[in-house]
Protein chains: 2
Amino acid sequence: MGVIRKTKSVTTILSYFSDGHEAISVVDLVERLSDEMNKTTVYRVLDRLEDEGLIHSFSGAKGLTWYAKCHDCSSHHHQDVHPHFECKECGKVECLDVSIELPQINNRHIETADVLLTGQCDDCKNL
Amino acid sequence: MGVIRKTKSVTTILSYFSDGHEAISVVDLVERLSDEMNKTTVYRVLDRLEDEGLIHSFSGAKGLTWYAKCHDCSSHHHQDVHPHFECKECGKVECLDVSIELPQINNRHIETADVLLTGQCDDCKNL
DNA sequence: TGTATTTTTGCAACTTAGTTGCATTAAATT
DNA sequence: AATTTAATGCAACTAAGTTGCAAAAATACA
Ligand SMILES: [Mn+2]
Ligand SMILES: [Mn+2]
Ligand SMILES: [Zn+2]
Ligand SMILES: [Zn+2]
């Protein structure tokens with residue numbers, strides 16, 4: 001338990017995740033791998049990689065699912081709590097290297113905070 | 001321009017929005033109104049009501065679209081920037097009466113912040 | 001080795017939220 | 001009342017994601 005099998009699909013998909021902070025949408029990945037593997041496989045491999053704490057998923061502005069590399073997670077310890085940013089101009093999505101403090105709200109017990117910021121990325125700002 | 005026509009559908013749908021802060025998912029609304037109006041009508045009426053600043057939409061944890069009443073918006077001025085809360089136990093979704101300050105992020109121009117908090121609501125906490 | 005067992009993959013069919021085109025109905029303008 | 005405009009119903013569609021099952025690949029183990 002707790003070790004991902006490095007099948008061909010796994011290796012291929014992992015190679016799409018840069019060490020940086022840029023995310024990939026599942027739709028994009030399915031499209032780009034369409035003549036290499038089935039979309040069901042893409043979904044299932046991403047699922048396993050997330051279970052093992054290698055990548056994490058979140059929803060973008062249009063409700064699509066995005067994945068990005070985890071930096072300090074494992075299957076036991078999922079600790080990647082940061083905002084995500086989506087550029088309205090070019091559509092790029094990235095993890096922000098900022099930590100989120102869970103707000104205290106009256107009469108509620110807050111467990112998670114999903115923060116999605118949108119605006120213009122550096123490239124698009126300077127056009 | 002800028003005035004919603006109070007058709008039967010509009011009145012019926014508006015009656016589902018309490019003056020409080022609880023949200024309704026579109027799916028739920030479509031289901032509850034299923035023998036009264038077509039789902040396309042529900043989507044279109046919600047759309048119009050949002051355009052006029054009477055309600056606002058956002059995505060819940062499972063990617064569904066939710067709507068809630070706006071408190072200080074109009075068709076000209078959409079100003080309802082607050083976090084939303086989804087209870088993991090009972091599924092209730094509500095607007096939180098707290099304002100969000102847009103974070104400053106290096107090299108990016110942030111325009112909007114969507115914050116979704118999840119956890120336990122008051123009712124579910126005390127079970 | 002070779003055989004049995006387990007895991008992964010492909011494929012087709014399905015589910016579900018949301019959208020679109022078009023004809024009909026209702027409301028507002030004149 | 002006749003004309004114009006906006007709202008609705010309906011059926012068909014789109015797109016993301018899921019499921020069941022059989023085939024293929026990887027692993028275990030005699
Ligand atoms: Mn991230
Ligand atoms: Mn709200
Ligand atoms: Zn950009
Ligand atoms: Zn609750």
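The basis for the numbers below is simple: all heavy atoms, side chains too, and nothing from hydrogens, waters or symmetry mates. The chains referred to below are lettered A, B, ... by the order of the sequence lines, with proteins before strands, and numbering in each begins at 1.
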How close or far is atom [atom2] of [N] from atom [atom1] of [X], stated in whole angstroms?
X	N	atom1	atom2	result
A/Leu49	C/dT9	CG	P	10 Å
B/Leu29	C/dG18	CG	P	12 Å
A/Glu36	C/dT9	CD	P	12 Å
B/Tyr67	C/dA17	OH	P	15 Å
A/Met37	C/dC11	CE	P	12 Å
B/Asp35	D/dC10	CG	C1'	16 Å
B/Asn38	C/dG21	CG	P	16 Å

Side chain to side chain contact (heavy atoms under 4.5 Å, CB included) partners for A/Leu64, two or more places apart: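 A/Leu64 satisfies side chain to side chain contact (heavy atoms under 4.5 Å, CB included) with A/Val27, A/Trp66 once adjacent residues are dropped.
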
Which residues satisfy the side chain to side chain contact (heavy atoms under 4.5 Å, CB included) test with A/Leu102, sequence neighbours excluded?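 Once residues adjacent in sequence are excluded, the partners of A/Leu102 under the side chain to side chain contact (heavy atoms under 4.5 Å, CB included) criterion are A/Ile110, A/Ala113.
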
Contact list please: residues 9-17 of chain A against DNA chain D, heavy atoms, distance less than 4.0 Å, in numerical order.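 None - not one residue of the stretch has a heavy atom sitting under 4.0 Å from the strand.
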
Evaluate the criterion salt bridge (Lys or Arg N to Asp or Glu O under 4.0 Å) for residue pair A/Glu86 and A/Lys92; output intermediate values, then yes/no. CA-CA 6 Å; A/Glu86 180 161 348; A/Lys92 191 199 300 172; over 6 Å; no

Using side-chain hydrogen bond (donor to acceptor under 3.5 Å, both in side chains) as the criterion, list what pairs up with [X], not counting sequence neighbours.
X	answer
B/Arg108	A/Glu94
A/Asp97	none
A/Ser18	none
A/Ser9	none

Could I get the full list of salt bridge (charged side-chain N to carboxylate O under 4.0 Å, His left out) partners for A/Lys8, not counting sequence neighbours?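 With neighbours one apart ignored, the set is empty.
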
Letter by letter from the 5' end, nucleotides 25-30 of chain C scores (B base, S sugar-phosphate only, - none; protein heavy atoms under 4.0 Å) --SS--

Give the angle between the helix axes at the two ends of the helix from C/dT1-D/dA30 to C/dT30-D/dA1, taking five base pairs at each end and rounding to 10°.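 The angle separating the two end axes equals 20°.
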
State whether a side-chain donor-acceptor pair under 3.5 Å links A/His56 with A/His82.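 A pair is found: one side chain offers a donor N or O, the other an acceptor, under 3.5 Å apart.
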
Would you say B/Ser57 and B/Glu50 are linked by a side-chain donor-acceptor pair, where the criterion is simply a distance under 3.5 Å?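 Indeed, the side chains of B/Glu50 and B/Ser57 share at least one donor-acceptor pair under 3.5 Å.
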
Kindly indicate whether the side chain of A/Leu127, heavy atoms from C-beta on, has any atom under 4.5 Å from the side chain of A/Gln120.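 They are not in side-chain contact.
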
Are the side chain of A/Glu52 and the backbone of A/Ile4 linked by a donor-acceptor contact shorter than 3.5 Å?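 No; judged by distance alone, with no hydrogens or angles, the pair does not exist.
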
Could you list, one pair per line, each protein nitrogen or oxygen that sits under 3.5 Å from a nitrogen or oxygen of nucleotides 14-20 of chain D, together with the distance?
{"from": "D/dG17", "atom 1": "OP1", "to": "A/Thr65", "atom 2": "N", "distance (Å)": "3.4"}
{"from": "D/dG17", "atom 1": "OP1", "to": "A/Thr65", "atom 2": "OG1", "distance (Å)": "2.7"}
{"from": "D/dG17", "atom 1": "OP2", "to": "A/Tyr43", "atom 2": "OH", "distance (Å)": "2.8"}
{"from": "D/dG17", "atom 1": "O5'", "to": "A/Tyr43", "atom 2": "OH", "distance (Å)": "3.4"}
{"from": "D/dG17", "atom 1": "N7", "to": "A/Lys39", "atom 2": "NZ", "distance (Å)": "3.0"}
{"from": "D/dG17", "atom 1": "O6", "to": "A/Lys39", "atom 2": "NZ", "distance (Å)": "2.9"}
{"from": "D/dT19", "atom 1": "O4", "to": "A/Thr40", "atom 2": "OG1", "distance (Å)": "3.4"}

With a 4.0 Å cut-off on heavy atoms, is B/Val30 in touch with a base, just the backbone sugar-phosphate, or nothing at all?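 Since no nucleic acid heavy atom lies under 4.0 Å of B/Val30, the category is nothing.
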
Listing request: all salt bridge (charged side-chain N to carboxylate O under 4.0 Å, His left out) pairs with a residue in residues 30-43 of chain B, at least two apart in sequence or in separate chains.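 Only B/Asp28-B/Arg32 qualify under salt bridge (charged side-chain N to carboxylate O under 4.0 Å, His left out).
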
